[in-house]
Amino acid sequence: MRHLIALVLALLAARSNAAAPKPEAPPLFVNIPAVAENAWLTMDCTGTGSLQTVRCRFTQIRVHRKSPEEVAAAVAAAKAEFQSKPDEPNKLLEEVCSEWNIIGDGYLTGTEEWSAARQRTRALAIQRIAKMCGCPDDACRLDYFLTEVGDAAKACRIISTQFEATLKRVGKNKWINEPKPVGACNAVTAMVAEKAGDNSWTFTQTRLTVDTEIPLCVGMARNVNQPFVFKTDPNVDISLDCSTIRADIL
């Protein structure tokens, strides 16, 4: 009888353990794409218990490329500036070509450890400088310079940023922050993270206000009250004409 009772208790304990719910994992998604931007976001949160409050770390990667109209405007602005001060561009070009005559092909010295892509970029730059300095007149050199301005404007910029925020649970699958001024620009941003399925997330970030009295922050004000939405989507590829890629921090 004693053995029978022990067996029954063991079976009850096993059933109780099997029925115990698994602890809920803190919110987590990796590289979900933005809906209307060339960007991706990763969110990794930590929390305990019922996850009423979680501390989250975000990593955002954005790829930006100027439109053809913006590229044309950059070239036109450079041309207008040079034409308004004809002596300055000629002096600048003379200095560049003078240095080029001294450096020449030696400009590549010490770059053997660079990647093939970086070496190609440097080689193309050298070819352009050589052609520009070989021009017979100022008009030819200016044309090459404006080509360089246009190519620089067409470069794709990869912008990577990281930030942290505390989110509070307001529903079974929804967390929000408590917006408050942060950073040098005193930007106030509202964040909403919502889970729609086992691996489906929507994250909305909306900048509510920014201190425009600081000149550096004026550009941020253009995006006030415009929701920046990231949403789980299997189609995360984007198509961009990026012959040159540059990395930025802002």
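In plain terms, the two heavy atoms of Ala74 and Ala153 that are nearest each other are CB-CB, 4.1 Å. When every heavy atom of Val75 is checked against every heavy atom of Gly150, the shortest pair comes out as CG2-CA, 3.6 Å. Here the closest non-hydrogen pair linking Ala39 and Phe228 is CB-CZ, 4.1 Å. Here the closest heavy-atom approach between residue Cys45 and residue Pro26 is recorded as O-CB, 3.2 Å. Shortest non-hydrogen contact noted between Val54 and Pro27 is CG1-CD, 4.0 Å. The minimum heavy-atom distance linking Val35 with Lys231 is given by the pair CG2-CB, 3.9 Å.
Atom CD of Glu213 has 12 or fewer heavy atoms from other residues, nucleotides or ligands within 6.0 Å.
Here the NZ-CD distance, from Lys172 to Glu194, works out to 12.5 Å after rounding to the nearest 0.5 Å. In this structure, NE2 in His64 is found 9.0 Å from CD in Glu37, a value given to the nearest 0.5 Å. Distance check: Lys154 NZ to Ser67 OG gives 12.5 Å after rounding to the nearest 0.5 Å. Annotation: the span from Leu167 atom CG to Arg55 atom CZ amounts to 9.0 Å, rounded to 0.5 Å. Expressed to the nearest 0.5 Å, how far NZ of Lys195 lies from OG1 of Thr232 amounts to 10.0 Å. Here the CG-CZ distance, from Asn31 to Phe230, works out to 10.5 Å after rounding to the nearest 0.5 Å.
In this pair, Trp201 and Trp175 present their aromatic rings tilted. The plane angle is within the 30 to 60° band.
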Mind running side-chain contact (heavy atoms from CB on, under 4.5 Å) on Phe163 and Met191 for me, showing each step along the way? CA-CA 12 Å; Phe163 56 97; Met191 303 177 191; 3.7 Å; yes

One pair to check against side-chain contact (heavy atoms from CB on, under 4.5 Å): Leu208 and Val224. What are the steps and the verdict? CA-CA 6 Å; Leu208 304 177; Val224 167; 5.9 Å; no

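Judged by distance alone, with hydrogens and angles left aside, the side-chain atoms of Gln52 form no donor-acceptor pair with the main-chain N or O of Thr48 at under 3.5 Å. Without hydrogens or angle criteria, Arg169 side chain to Ser50 main chain gives a donor-acceptor distance under 3.5 Å. The backbone N or O of Val210 sits nowhere less than 3.5 Å from a side-chain atom of Arg207 that would complete a donor-acceptor pair.
A 4.5 Å side-chain heavy-atom check between Val192 and Lys174 finds at least one atom pair inside the cut-off. In this structure, the side chains of Asn177 and Thr166 stay at 4.5 Å or more apart for every pair of heavy atoms. Between Gln205 and Thr189, some side-chain heavy-atom pair lies under the 4.5 Å cut-off. Put simply, the side chain of Leu41 reaches to within 4.5 Å of the side chain of Phe29, judged on heavy atoms. Residues Lys168 and Glu178 meet the side-chain proximity criterion, which asks for heavy atoms closer than 4.5 Å.
For Phe58 and Phe203, the ring centers sit closer than 6.0 Å to each other.
Criterion: ILVMFWY side-chain heavy atoms under 4.5 Å apart, direct or through other members. Under it, Ile61 and Ile245 are part of a common hydrophobic cluster. Leu51 and Met43 fall within the same hydrophobic cluster, defined by Ile, Leu, Val, Met, Phe, Trp and Tyr side-chain heavy atoms under 4.5 Å apart, directly or through other members.
Each of Thr46, Asp44, Asn199 was checked for a side chain to side chain contact (heavy atoms under 4.5 Å, CB included) with Leu28, and the lone residue meeting it is Asp44.
Under the side chain to side chain donor-acceptor pair (under 3.5 Å) criterion, Asp151 pairs with Arg128, sequence neighbours left out.
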